[in-house]
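See structure below.
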2 protein chains.
Amino acid sequence: MAAQAGVALKTVSRVVNGEPGVGPGTLARVEQAIIELGYRRNESARQLRSGRAGTLAMVVRDIADPFFAAIGRAVEMTAHRDGQVVMIGSTHEDPKREREVALAFCARRPDALILAPIADSQDYLHPEVEAGLPVVAIDRPAHGILADTVLSDNVGGIRAAVAHLVSHGHRRIGYLGDDQMVYTARERVVAYRAALAEHGIAGDEALVRLAAPTPEGIAHSLGDLLGLGPVPGGLAGAGPVTALITANNRITAEVLRQLPNLPRRTALIGFDDLELADLLVPGLTVIAQDAEGIGRAAMELLDTRLTDPRLPAREVRIPTTLIIRGSAE
Amino acid sequence: MAAQAGVALKTVSRVVNGEPGVGPGTLARVEQAIIELGYRRNESARQLRSGRAGTLAMVVRDIADPFFAAIGRAVEMTAHRDGQVVMIGSTHEDPKREREVALAFCARRPDALILAPIADSQDYLHPEVEAGLPVVAIDRPAHGILADTVLSDNVGGIRAAVAHLVSHGHRRIGYLGDDQMVYTARERVVAYRAALAEHGIAGDEALVRLAAPTPEGIAHSLGDLLGLGPVPGGLAGAGPVTALITANNRITAEVLRQLPNLPRRTALIGFDDLELADLLVPGLTVIAQDAEGIGRAAMELLDTRLTDPRLPAREVRIPTTLIIRGSAE
DNA sequence: CTGTTAGCGCGTTCAA
DNA sequence: TTGAACGCGCTAACAG
């Protein structure tokens, strides 16, 4: 310890923390010693003693997914401004891994946890929440614990997409959605059905495909909806769809890869923006989520909860934007 | 403390760590108490005592940049396997911020630091390195400290790109590079000149533009190189380029946005792969970096250094891949 | 203005 | 098989 350099322990602490009450002579001596010994305060020890961590934990599906990477970026920006650092980890859609990663983070006693839930329940976090850990769920709600929630306005996004297609004369609008285990997938397909009804279009479940996006599955669905290949029934009378909504970026990307091989030009709107989407011909019209807004909203919820830890669970919806680029005319 | 539930302090420690030497009766009682009280071991306190952190720090230009996000993903996968968590932060190309973020991480005493340098020197890390912190520089070398380094094979990538263009008959190959302050930008343009020479093509510096990528700057450069607009001199005699190499993804994206507005079809190869690059028409031929390989190599360097901390500084080059999609015929 | 004492939650050492 | 004491590096609460 730098106390070797003249003075006593606590004085070093004072200098390091910029506390008042240190004589100019001692201050200079201590600073000198700090430089010479390359002293750096140990934040872990400080945390152990003082209680505050200066650390935020964030668990998402995949830190390389552009959506979550953008949320992480916004969170890190705010955290850095407040002098906090961010621990981040991926679940890779594995409930067991969500639990492992979240608990590994909690063992470091972060100030808060931001979590994109994938497991059915987050009750494994009960002791932590009970002990005062603020949790914010993003993208999907958490279950089994008290947590604030930040979600995209899935309903508004789908409504805008359907309205746009209808205004361009489309009435047979197909829908490729994800596995209904996924919360957002459920919200979105419900919104699709409701939006059709709003425009007086009778829903035709033969136009709706809901499954985890595999290339084969999507090829099959596209063949059906566009009226190619062997039609298993249902579409024969009404004819193929003229427009398609793809309910997340994985589905959209796969459809884009397969569409050029298909004869008919079909209108397309994807949920989630994609890099270079404006450079496709025609440009891809998308429902864009506001990742930065989600990240910032999460930080704001944490901020207010810091002020009053006994707040009830709150839910924030972040607006989506329909970006019109031409693929849905 | 769970010692309330029958036994004494140390026994709890033994149970939590799975150490032998606990009677079955006490073990059951302690486990019961652990569940009831929701006890979780405090990893920070453990670290303070034992020295090992179980934490990795990673500082990159931007965690939302697909290249660094993919590296982070690979790092996090390996770290999780080894029971470590990852702190991550962005420099946003600000040397001051690099220093702030890196030192904030170091204050938490991580087991290692992975850093994409942006400042001219990392000598601010001298005390940490002296104290035994292993540092791995990625994307660019570090300066002023001992650090292992993982770099992409920029030279090989550019050579392959030039060879591909030459084999398709191109001899007037333009080059849009980044600001020469950037290490990779310097390596790449040198490789471009060398590759041309290998093919017996006299370099023409009028075909080379090196500047931070702004839309205006790139529009200006494109106008020059493609023989449009007012030619300030130099190109008049030799005519426009027939092919273009764009030296990073930001330049590539901006060129792609502007190219459709230009009359001539120009061959194009970009450094860095882009999402949806295969869906453009024609598909974009790129020099792809192996982000996952970079992340894994960094972790391997750390692993070996853990075994022998007194290793000299090592440098690893990760191969790049020319992905041919049609834009460079 | 400066120093002393105590203890954050844990693991290590040694004794019971 | 179990426990008491000590210290990791730091800060809070008091002295001097």
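Note that the coordinates shown come from a computational prediction; the quantities given were computed from them, not determined experimentally. The chains referred to below are lettered A, B, ... by the order of the sequence lines, with proteins before strands, and numbering in each begins at 1.
Contact of B/Arg41 with C/dG9 (side chain to base): no donor-acceptor pair of N or O atoms is detected under 3.5 Å. For B/Arg109 against D/dG9, no side-chain N or O and base N or O form a donor-acceptor pair under 3.5 Å.
At C/dC10, none of the side-chain N or O atoms of B/Ser13 fall inside 4.0 Å of OP1 or OP2 (strictly under the cut-off).
Rounded to whole Å, atom P of D/dA12 lies 8 Å from atom CZ of A/Arg46. When rounded to the nearest whole Å, the span between CZ of A/Arg52 and P of C/dG9 equals 17 Å. Taking atom CG of residue A/Leu9 and atom P of nucleotide D/dG9, one finds them 11 Å apart after rounding to whole Å. Distance CG (B/Asn17) to P (C/dG9): 16 Å, rounded to an integer number of Å. Between the CG atom of B/Leu48 and the P atom of D/dC10 there is a distance of 9 Å, rounded to whole Å. A straight line from CZ of A/Arg49 to P of D/dG7 spans 17 Å, rounded to a whole angstrom. For the pair B/Gln47 CD and D/dC10 C1', the computed distance is 13 Å after rounding to whole Å. Nucleotide D/dC14 holds its P atom 14 Å from the NZ atom of A/Lys10, rounded to whole Å.
Surrounding CZ of A/Arg52 are at most 12 heavy atoms belonging to other residues, nucleotides or ligands under 6.0 Å away.
Of the listed nucleotides (D/dG3, C/dG3, C/dC10), C/dC10 has the atom at the smallest distance from the side chain of B/Ala45. Taking only side-chain atoms of A/Ser50, from C-beta outward, the nucleotide of C/dG3, D/dT11, D/dG9 with the closest atom is D/dT11.
At a threshold of 4.0 angstrom between heavy atoms, the contacts of A/Arg14 include nucleobase atoms, whether or not backbone atoms are also involved. Counting any heavy atom pair closer than 4.0 Å across all strands shown, A/Ser44 reaches no nucleic acid atom.
How far CG of A/Leu113 is from CD1 of A/Ile145: 7.5 Å, rounded to the nearest 0.5 Å.
Using a 4.0 Å cut-off between charged nitrogen and carboxylate oxygen, A/Glu130 and B/Arg40 do not count as a salt-bridge pair.
The closest side-chain heavy-atom distance from A/Glu98 to A/Tyr124 is below 4.5 Å. At least one side-chain heavy atom of A/Arg305 sits under 4.5 Å from a side-chain heavy atom of A/Arg314.
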